[in-house]
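Okay, structure first, notes after.
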Amino acid sequence: MISPVVLWSDILIFSLAVSVGLFIFQVRKKPQAKARWRSVFESKIGLTSFIIIVFYVLISLMDSVHFREQLSQFEADGPDQNLAYSSEVKSILDIALKNLNSTTETTYSSPFSLYSFSKENMTNDDGSVYRDFIRLKHGGAHIQGDEERFSDILIKSVQALLIGLLIAAIPVMLHVMMRKKSNHEEDYIPWNVAYGTIITLISLATWVIILSQYYHILGTDKVGQDVLYQSIKSIRTGVLIGTLATLVTLPFAIILGISAGYFKGWIDDTVQFIYTTLSSIPGILLIAASVLLIDVYIETNPEKFNLTILRSDFKFIALCAILGLTSWTTLCRMLRAETLKVSQLDYVQAAHAFGVSHRGVIGKHILPNVTHIILIAVVLDFSAFVLAEAVLSYIGVGVDPNMYSWGNMINAARSELSRDPTVWWSVTSAFILMFTLVLAANLFSDEVRNAFDPRTAKGNE
Amino acid sequence: MTNIQPQAPLLTVRNLKIDAGNTCLVKNVSFDIYPKEIFALVGESGSGKSLTSLSIMRLLPEALTVSEGEINFKETKLFNLPETKMNSIRGRKIAMIFQEPQTSLNPVQSIGTQLQEVLGLHQNIKGADLQNKLVQLLEEVGIPDPRARLKWYPHQLSGGQKQRVMIAMALACEPDLLIADEPTTALDVTIQRQILELLDNLRKTRNLGVLLITHDMGVVSEMADRVAVMQYGEILEQTDCKSFFINPQHEYSKKLINSLPDIHNFIQGIDADTILKVNDLKVWFPKKHGILQRTVGHTKAVDGVSFTIKRGKTLAIVGESGSGKTTAGKAILRLNPVHSGSIQFQGDELVGLSHQAFHHYRRDIQVIFQDPFSSMNPRMTIREIIEEGMKSLKVEPDAQAREDKMLMLLSRVGMLPEHLDRYPHEFSGGQRQRIAIARALAVDPKLIICDEPTSALDVSIRGQVLDLLNDLQQEIGITLLFITHDLSIIPHLAHDVAVMKDGKIVEQGRTQQIMENPQHEYTQALLKAVPRLRRA
Amino acid sequence: MLAYIFRRFVYAIPILIGVNILTFILFFMVNTPDQMARVHLGDKHVTQDAIDNWKVQRGYDKPLFINAQQDATNMFTDTIFFEKSIKLLAFDFGKSDEGRNIMSDIKERMWPSLAVQIPTFVIGLLVNICFALLIVMFRASLFEITALTACVAMLSISSVFYIIGGQFFFAKLWNLVPISGYLSGMEAISFLILPIIIGVISGVGSGTRLYRTIFIEEASRDYMRTARAKGVSELSILFKHLLPNGMIPILTSVVVVIPTLFMGSLLIESFFGIPGLGSYTLDAIQAQDFAVVRCMVFLGACLYIVGLLLTDISYTLVDPRVKLS
């Protein structure tokens, strides 16, 4: 038996996913928007980066279905008893990565290693104490020693890649067949690139899953936990902070920016005052101060957060809100300027001449014609927030230290790097995963900009 | 007009072909230009006339390539020159001026520096000589107080003065050929007249060959020695100016010539009752100044204007840019705030009405804007665009009735039913202007304010749109307030005319009376400035 | 001009008051001084006496807005709002929660910050502009594609990684410079080289891209065509027309950050152990010293407003079209 645990961030991320779905559904009806999105996906870079982002998002969605397992010793007590659940909250992703989470060592070990990273005190059969590298409990436990290691990794890799290819081939083949059947629509997307990306991603994932059954492929950290597990669990934090914080900025930027540009007068003055004031405060200080206050709130109200995860989730959502609340000013300023421009255009004047209400003018004329600015900002903000998380967590005002995040991994890496020899794998794994996500988002935002910015858009109206 | 002696051509263009990727933009273009003559290359937007001129200078945008043909300047094959040699021809032997004087000068350099740059590149003058030469150049193009103006920046000059500076810059190194790409299109008629006269004088005093690129047949008729007509990237006909206007060979040439309205043929006005009476209308915009941004004065865009429009007739308000004619029109529509005065529509006072009370009159007074590209929301279908006013003004509550009416209107303005579900960008400028007319008519207005509805259109389209408006007036008796800078279209269109200058009406009355016997000197100057066709 | 500057200062007052009220709400109303004291004193079983004592020492024991026990003006001045918030407006920063004089700390620690920030800013600006010009010069070539790809890749890397990587390779692996630390005087240079290099490199990606966009936009203007028609060579077009015109938006966009350079960089200073204002702020955040954080917020806001003013003034200096009024 399990008991579902629903975190606020889970609700938010799933409702966001649903609304993105609705948005896509809406876009399909608008031929112009459709044409622009088409040109985003017609570019190879746009398509590849989109698939990579989707891959990250899927992992974080999997990691956003939480539950608690029932503690086994209470199972026999009968159904009407109050069931006791483990205080450890797991997600669907944890089931997939079960092996990774359970195979902890005692301390550092490097990637694919069989032995611990530093020498430990050990007791010999005869009771004498000596120092040596200890053999890992889990990493490479199935083989005899170092001499077998290389060939074992090679064989397993080949096997894993073959299996991965097979798995990837199924959806690709299905899609190819579907395309052959419905040949009526004009095909514009470079599908081969899409297939290539999907096959690479699936093969890589299979390789990681299979190899991680036998080795710590990214090593272990100070307390012996698998680094790969940490890096993957951090994906949810990164993706969520990017999306949720961006989501928070939108209502402020859109409502205030458009009203300032449209109504002008005292509304404009007020909005300008608010965003000048807000942006005059150094962002990082405002965030730090707000996070400190959240800490104080949590510490003085411990009764509201009976589970560690609830506590870190509250802090996490608060952090997203704070990040969003302090970062909407740029978009607001741009929207104000653009609205000022658009509301001078003849079609808005014509709408006034037809007696269209303010709501009608804003909804039908202004908003659709500033959407491209919002869209470009959304994708850019996403990567900015992912990067910001790392810095904030390093400073100590980021996500809860109990939460897996790239920022926390980097923070830990500071002491690891000063060790001799250096423990480099934690920071490298965080780097690779984060870089891939941010690079994909940046490349995607470039393509979105190319398609939607009227100055660069190829098909102008 | 000068007689052309048989002599070696300055410039020969042979079989020019310009491609953009796989699309051919200009092909088979050949012509010669002789010293001291003005050769006019005429065509509408997209005809390839500007590309031809840019290719002579080898200044085509990177995406375009010359794939065939050659251009010779005297003996020099221009396409064979290395870039450094070409640079010594540009500005020195062949100079060019452009359509937009507002943006064609470097905004952060003084005009003296910019003039100096050309001289520094091609001639070796220094010190006091250089200063004198600069002053002399500005003097020649008619810039007042040239020594002081050298230190000025472009934004301190008017549009006409900027074009004069451009001409001075082009002539600084005494080139043999001047390419003038629509040099007066962006300027007011009175300024246009001055610039054209300047060009004409200069080519005489300086023995200059001029390639004049224009779409305006009036300009051609007054300036050019020889004419070539371009359409879709090809030269249709090439002949000397006189015989061109007497006996145009090509259909398209005839169409272009006929697009010039006949200004001696007036429509006659009969008296009718007054529909709109504007009395002492003032539209002032506050000027703010000082630490507290107090209003210290007003920009008087419209300053005490009075006129009346008769039911079913057309009043034209004529004026140059900045005269306040558009502002006055927008004030009637309540798109601009009114400072004081009265606007009476069918006897009801409109000034001072609340937002809600005015809503009632919105369906009676409608508008057609100048730029058909910005007057329609690019993200709405034609159906949504036409329907919007009917819905918000509750003209046809029934959806089917709305649909029927839209179809009827579309066919009336010469569009097809299937156009309803298209987007504005799929239509040409003329088609869009027709849609704009249909949109205005959809709410059954009594008065339509037409704000320069034809000035953004190609000449051959203008006539069609004007005719449509005329027909509509005769059919449904609609009243038009026609705002324009173009005097030549008025006789054909307006019963009455009011001439505006600096926010005031300087003269008004029957069109024929004003056009044939203008009293005010400004009206006279305006009428004189209009380029005319020398009819045979 | 003077009237304009004066007017801008008058406008700055409501903004500074707004900043002050916002920080006041954040620091004193969302959480009461009691809660702050508890967090500071750490232990969960603190006595009320200890809390009161902590508050008295730091002047947090007064009422928020109105002190009913005092009379006349003291009713308003002897309050937390006046002592902790209004006094900031007069740059009276008071003491930190640790009891140190904040103003003298700032005066002492601003120099190392400036020593890192000014060279980083100047070199970074020059490097970015050079790269951007190079890219514009070789438009539509393989070089452009490579350089732009490199820019996107570089701006996708968190600045933390630049620091970690730089320290690891330059200092630890190759032993070129000390890993971290600071000395006063000329000896500081060896400690400053790496932070400056890293500061410059981490900004190259976004800076170059931004400036390239600006230059490309300038390059498409009509007057560039005029210059070509005059017979100006491509190279002098680049330096005589493109650069001066492109510098206007570039300069005016960077001027706003110049005053805030003073605040130091939190990350670089803390990683490299430079005793500047950045690490001062960071220490305060980590020690939950609200008094210092509050002062730095106020200082930052002031500097930002000065930056806005400088932006406007710089417009008039470099762009003849703009006149302040």
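By convention in this document, chain letters (A, B, ...) are assigned in the order of the sequence lines, proteins followed by strands, and residues within each chain are numbered from 1.
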C:F131, CZ atom: more than 12 neighbouring heavy atoms under 6.0 Å: no
At a 4.5 Å cut-off on heavy atoms, which part of B:I97 comes close to chain C: side chain, backbone, both, or neither? neither
Taking atom types as modelled and ignoring hydrogens, do the side chains of B:E117 and C:H241 form a donor-acceptor contact shorter than 3.5 angstrom? yes
Considering residues, nucleotides and ligands other than B:K133, do more than 12 of their heavy atoms fall under 6.0 Å from its NZ? yes
Heavy-atom distances under 4.5 Å only: say whether B:S88 touches chain C with side chain, backbone, both or neither. neither
Can you tell me how far CD of B:E100 sits from CZ of C:R225, rounded to the nearest 0.5 angstrom? 9.5 Å
So do B:M96 and C:K230 actually touch side chain to side chain, heavy atoms under 4.5 Å? no
Do B:H122 side-chain atoms and C:G231 backbone N/O form a donor-acceptor pair below 3.5 Å? no
Carefully, step by step, assess C:M224 and B:N106 under the rule side-chain contact (heavy atoms from CB on, under 4.5 Å). CA-CA 8 Å; C:M224 300 296 287; B:N106 188 335; over 6 Å; no
Is there side-chain contact between C:V232 and B:N87, with heavy atoms separated by less than 4.5 Å? no
Work out which heavy atom in B:P107 is nearest to a heavy atom in C:P320; give both atom names and the distance. O-CG, 3.6 Å
Name the region of B:L121, side chain, backbone, both or neither, that has any atom closer than 4.5 Å to a heavy atom of chain C. side chain
Which bit of B:E62 is near chain C, if near means a heavy-atom gap under 4.5 Å: side chain, backbone, both or neither? side chain
Below 4.5 Å, heavy atoms only, C-beta onward: do B:M169 and C:T226 meet side chain to side chain? yes
More than 12 foreign heavy atoms under 6.0 Å from CZ of C:F138: is that the case here? no
Non-hydrogen atoms of chain B under 4.5 Å away: do they reach the side chain of C:R228, the backbone, both or neither? both
B:F98 CZ to C:D222 CG distance, which is reported to the nearest 0.5 Å: 8.0 Å
Answer yes or no: is there a side-chain heavy-atom contact under 4.5 Å between B:T84 and C:S233? no
Within a 6.0 Å radius of atom CZ on B:F79, are there more than 12 heavy atoms belonging to other residues, nucleotides or ligands? yes
